[in-house]
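Excluded from the calculations below are hydrogen atoms, water molecules and symmetry mates; all remaining heavy atoms, backbone and side chain alike, are included. In what follows, residues are counted from 1 in the order of the sequence shown. In each ligand, atom 1 is the first atom listed, and ligand 1 is the first ligand listed. Since the structure is predicted, the reported quantities are computational estimates derived from the model, not experimental observations.
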Amino acid sequence: MQLRNPLGVHALVWAGDTSPASVAHAVAQTARTGFDLLEISLHDSLNLDVAAARKLLQENGLKVACSRGLAFDADVSSADPAVVERGAKLLHDSLVITHELGGTHFTGALYSALGKYGAPLTDAGRANVVGVLRDLAASAQDRSMTLGLEVCNRYETNVINTAADALRLADDIGADNVLVHLDTYHMNIEEDDLVRPVRLVGDRLGYVHIGENHRGYLGSGHLDFTAFFHALADISYTGPITFESFSSAVAARGLSNDLAIWRNLWDDGEDLARHARQFLANHLTARPA
Ligand code: MN
């Protein structure tokens, strides 16, 4: 059965860095396990050979999306102009890389560092987020790209923790190509359930991460994926659905620490990915018309 959503897998299922060998492995494994899209985290993009990666993706018939969070010394939610400026440059450089890879979706915690903040977001910090992302959205629009605001839990950001927060931020940015990115792992911590946020966001949903409550094998935790997929069907969502999972078995310098990946939830990325691909397809084909 033809699915109406591109199914993606996060590159951290395959490799912890973006060296040429790691990218080649991630692309080959993504294609081999039947996914349509590879999501590449740009947290460590210095090593990335963009032209070589683009060629490999094309040769394997894969779409690509890129994601990232910022850092406390390069953070557009800061009140310090120098810190904001470094964050804005990271975002712009990452947008260009995404475009050069052939991607149309640049998403993630584009609005702050990934980490525990010691105080609430300030008004000045929020104004900086709005200003920087308004400019980034214009640059994205010139490239026919969309930006995703990934809603993250309270331990990873203080800017947007719920779908309602993300819609308010997107309204203030005021650009049609800024969409909301929901992630079931974060929703489990912050939202009332996995259904209402999907209905609230509706046609402004642009990207989805599927993760278990502990970020391991789908179905091995307690999340109500049946309800979540029914909600996606209710809003006729046709965008990417990307499986995101982390284990200390694949360590990414920086990102693993930011996301508190201390435990080994799986060893065999290929078995994990094959299982996830089937799990997603089952839920998408079993949903009501
Ligand atoms: Mn996510």
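- Proximity of a side-chain donor or acceptor of S45 to a complementary backbone N or O of L48 within less than 3.5 Å is not detected.
- Annotation: cation-pi pair R215/Y185 present, NZ/CZ under 6.0 Å from the ring centroid and within 45° of its normal.
- Put simply, the side chain of L91 reaches to within 4.5 Å of the side chain of F106, judged on heavy atoms.
- Look at R86 and D73 and you find no salt bridge, because none of the NZ, NE, NH1 or NH2 atoms lies under 4.0 Å from a carboxylate O.
- Listed by chain and number, the protein N, O or S atoms at a distance under 2.8 Å from the Mn ion (ligand 1) are E150 OE2, D183 OD2, H209 ND1, E244 OE1.
- Enclosure of atom OH in Y155 is not indicated, since only 12 or fewer non-hydrogen atoms of other residues, nucleotides or ligands lie within 6.0 angstrom.
- Other residues, nucleotides and ligands contribute at most 12 non-hydrogen atoms within 6.0 Å of the CG atom of D176.
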